[in-house]
Amino acid sequence: MTFLNEVTGRYPDAVSFAPGRPYEEFFDPAEIHTHLDTYLRHLREERGLSGSRVRQEVFQYGRTKGVIAPLIARALAADEGIEADPEALVVTVGAQEGMLLVLRALCAGPDDVLLVSAPCYVGVTGAARLLDLTVHPVPEAGRDGGLDPGALRAAVRELRAAGKRPRACYVVPDFANPSGASMDEPSRRRLLEVAEETGVLLIEDNPYGFFGRTAAARPTLKALDGDRGNVVYLGSFAKTCFPGARVGYLLADQRVAGPDGRTALLADELAKLKSMTTVNTSALSQAVIGGMLIGAGLRLRDANEPARRFYARNMDTLLEALQTAFQGVPGVSWNHPDGGYFAVVTVPFRADAQALDDCARKHGVLWTPMDGFYPGGGGERQLRLSCSYLTPEQITDGVRRLADFVKERTPEGS
């Protein structure tokens with residue numbers, strides 16, 4: 001990530017397929033005040049808080065578990081069909097903190113192992129590295145199929161035979177970063193069966209689920225699992241509201257044994273860890289996100305429909321541009337994501353940091369090398385393209401520039 005920031009800084013005029021950011025034209029700074037006013041009115045009129053209590057709610061530290069959990073629970077029910085007790089929610093500093101808390105709680109010994117899809121989002125593998133936690137990669141099912149349930153079952157057996165304890169598996173079922181791959185509903189049900197059978201907890205991360213190329217939504221693992229306890233759910237408002245708020249959440253409704261032998265909500269145990277790290281999540285940021293939720297009628301999926309159409313058009317533009325630019329070019333192929341921000345291109349040469357720097361300098365286009373997303377090695381001849389931050393015209397121009405670079409590097413007759 002540091003390298004990408006450095007390259008972007010060196011070539012500010014390049015067309016950049018590197019950042020997985022929302023499109024900035026959706027944001028209006030003036031609306032922040034509107035959202036905040038909406039939430040303050042909610043505190044006064046719906047919750048009946050006095051002026052001093054409103055000041056306390058917004059300006060003081062607040063509950064470690066967060067102050068907008070009831071609103072998040074109502075939005076989860078409307079958007080995903082997930083029935084969540086607000087007490088089972090912890091509002092976090094982005095989804096990244098949620099990952100760190102869950103991994104720290106679940107994996108505390110040298111034999112504990114976190115399973116991840118390969119390729120995998122670097123945020124969770126980075127968190128595992130901070131905790132000295134062993135990561136074991138599980139391959140995706142083809143180029144667009146997401147994590148392979150059968151491969152997960154085999155990996156659990158292999159690890160247990162080696163004396164290890166596979167504790168949890170991190171998975172992004174919808175339009176994963178970096179691959180763009182998604183799991184169909186039968187695969188999701190098979191994955192839940194494997195989790196039930198093996199006792200491995202699924203950590204479901206869902207930042208991109210609203211942004212399919214069609215409006216049809218697949219059910220989350222958490223919704224399919226019901227109250228069986230096989231899934232901890234990570235959510236983020238970075239893509240559905242705005243990333244600058246740094247507000248995410250986790251839903252951990254499992255019952256776990258405490259030090260005194262009594263059972264407690266996993267969310268309560270995670271809140272204890274949070275109290276020793278970030279103490280709580282900014283009450284002011286929560287207030288703005290809470291106001292956005294209320295303003296959307298607690299239905300973020302409907303509120304994000306314009307964004308979904310924009311990102312769908314961008315993905316369509318990207319795939320069409322790749323077809324036009326690379327048709328007949330030997331050794332070049334790409335996947336066809338059902339939505340989200342990302343697609344992956346395979347090329348007939350090493351797509352590493354040096355290649356990226358050459359591409360930016362000579363052709364004015366940026367992308368992300370894929371090798372950093374494979375914890376077990378791989379991806380050396382793949383690159384990730386993010387189409388979320390660009391206009392369709394920039395996407396078409398950027399793919400044309402990328403094609404010039406790839407053709408320049410493609411060996412004759414390959």
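- In this structure, Ser182 and Arg218 approach most closely via the heavy-atom pair CB-NH1, 3.3 Å.
- We find that Asp111 and Arg165 are not joined by a salt bridge, their nearest charged nitrogen and carboxylate oxygen being 4.0 Å or further apart.
- Tyr208 has its ring centre no less than 6.0 Å from the ring centre of Phe211.
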Side chain to side chain donor-acceptor pair (under 3.5 Å) assessment of Tyr374 paired with Gln382:
CA-CA 11 Å; Tyr374 284 86; Gln382 293 181 324; 2.9 Å; yes
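- The backbone N or O of Thr281 lies less than 3.5 Å from no partner atom in the side chain of Ser285, so there is not a single donor-acceptor pair.
- Among all heavy-atom pairs drawn from Gly98 and Leu234, the shortest one is C-CD2, 3.9 Å.
- Asp184 and Ser187 form a side-chain donor-acceptor contact under 3.5 Å, judged by distance and modelled atom types alone.
- Within 6.0 Å of atom CG in Asp28, more than 12 heavy atoms from other residues, nucleotides or ligands are found, so the atom counts as buried in its surroundings.
- Remark: aromatic rings of Phe405 and Phe349 are close, center separation under 6.0 Å.
- Using a 4.5 Å heavy-atom cutoff, the side chains of Val171 and Leu191 are in contact.
- Asp174 pairs by the salt bridge (Lys or Arg N to Asp or Glu O under 4.0 Å) definition with Arg188, not counting sequence neighbours.
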Pair Phe26-Phe310, ring-ring contact (aromatic ring centres under 6.0 Å, His included): steps then yes or no
CA-CA 10 Å; Phe26 290 133; Phe310 175 86; 5.4 Å; yes
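- Between Gln286 and Tyr39, the side chains place no donor N or O within less than 3.5 Å of an acceptor N or O (distance only, hydrogens not considered).
- Lys407 pairs by the side-chain contact (heavy atoms from CB on, under 4.5 Å) definition with Val329, Ala403, not counting sequence neighbours.
- Counting all heavy atoms, side chain and backbone alike, Ala69 lies closest to Pro86 at CB-O, 3.7 Å.
- For Asp253, the side-chain hydrogen bond (donor to acceptor under 3.5 Å, both in side chains) partners at least two apart in sequence or on another chain are Lys222.
- Here Ser386 pairs with Tyr341, Phe342, Ser388 under the side-chain contact (heavy atoms from CB on, under 4.5 Å) rule; sequence neighbours left out.
- With contacts defined as side-chain heavy-atom distances shorter than 4.5 Å, the pair Val332/Thr346 does not qualify.
- For Arg21, the side-chain hydrogen bond (donor to acceptor under 3.5 Å, both in side chains) criterion is met by Tyr389, not counting sequence neighbours.
- At a threshold of 4.0 Å, the pair Arg381-Asp371 does not count as salt-bridged, since none of the basic side-chain nitrogens sits closer than that to a carboxylate oxygen.
- The side-chain hydrogen bond (donor to acceptor under 3.5 Å, both in side chains) contacts involving residues 145-161 comprise Arg153-Glu197, where partners must be two or more places apart or lie in separate chains.
- Contacts of Thr198 classified as side-chain hydrogen bond (donor to acceptor under 3.5 Å, both in side chains), with partners at least two apart in sequence or in another chain: none.
- Using bins of under 30°, 30° to 60° and over 60° for the plane-to-plane angle, the ring pair Tyr249/Phe237 lands in the tilted bin.
- Residues that satisfy the salt bridge (Lys or Arg N to Asp or Glu O under 4.0 Å) test with Arg361, not counting sequence neighbours, are Asp358.
- Between Val231 and Ile203 the shortest side-chain heavy-atom distance does not fall below 4.5 Å.
- A search for salt bridge (Lys or Arg N to Asp or Glu O under 4.0 Å) contacts involving Arg308 returns Glu305, not counting sequence neighbours.
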Decide side chain to side chain contact (heavy atoms under 4.5 Å, CB included) for Leu201 and Gln254; before the verdict, give the C-alpha distance in whole Å, the side-chain angles of both, and the deciding distance to 0.1 Å.
CA-CA 10 Å; Leu201 188 69; Gln254 292 79 6; 3.9 Å; yes
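- When the shell of 6.0 Å around CZ of Arg255 is examined, it contains more than 12 heavy atoms from other residues, nucleotides or ligands.
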Derivation and outcome, side chain to side chain contact (heavy atoms under 4.5 Å, CB included), residues Leu115 and Val156
CA-CA 9 Å; Leu115 299 119; Val156 171; 4.3 Å; yes
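- By the salt bridge (Lys or Arg N to Asp or Glu O under 4.0 Å) test, Arg301 pairs with Glu80, sequence neighbours left out.
- Annotation: side chain of Glu196 is not in contact with side chain of Glu193 (no heavy-atom distance under 4.5 Å).
- Across all non-hydrogen atoms, the minimal contact from Leu265 to Ala252 is CD2-O, 4.2 Å.
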List the steps, then state whether side chain to side chain contact (heavy atoms under 4.5 Å, CB included) holds for Trp334 with Leu385.
CA-CA 10 Å; Trp334 55 93; Leu385 300 179; over 6 Å; no
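- For the pair Arg213 (side chain) and Pro337 (backbone), a donor-acceptor distance under 3.5 Å is present.
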Side-chain atoms of residues 120-133: list all donor-acceptor pairs with protein atoms under 3.5 Å, sequence neighbours left out, distances to 0.1 Å.
| residue | atom | partner | partner atom | Å |
| --- | --- | --- | --- | --- |
| Tyr121 | OH | Gln96 | OE1 | 3.4 |
| Thr125 | OG1 | Val122 | O | 3.1 |

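- Annotation for Ser275 and Thr64: closest pair N-CG2, 3.8 Å, computed over non-hydrogen atoms.
- In terms of the side-chain hydrogen bond (donor to acceptor under 3.5 Å, both in side chains) criterion, residue partners of Asp225 (sequence neighbours excluded) are, by chain and number, Asn230.
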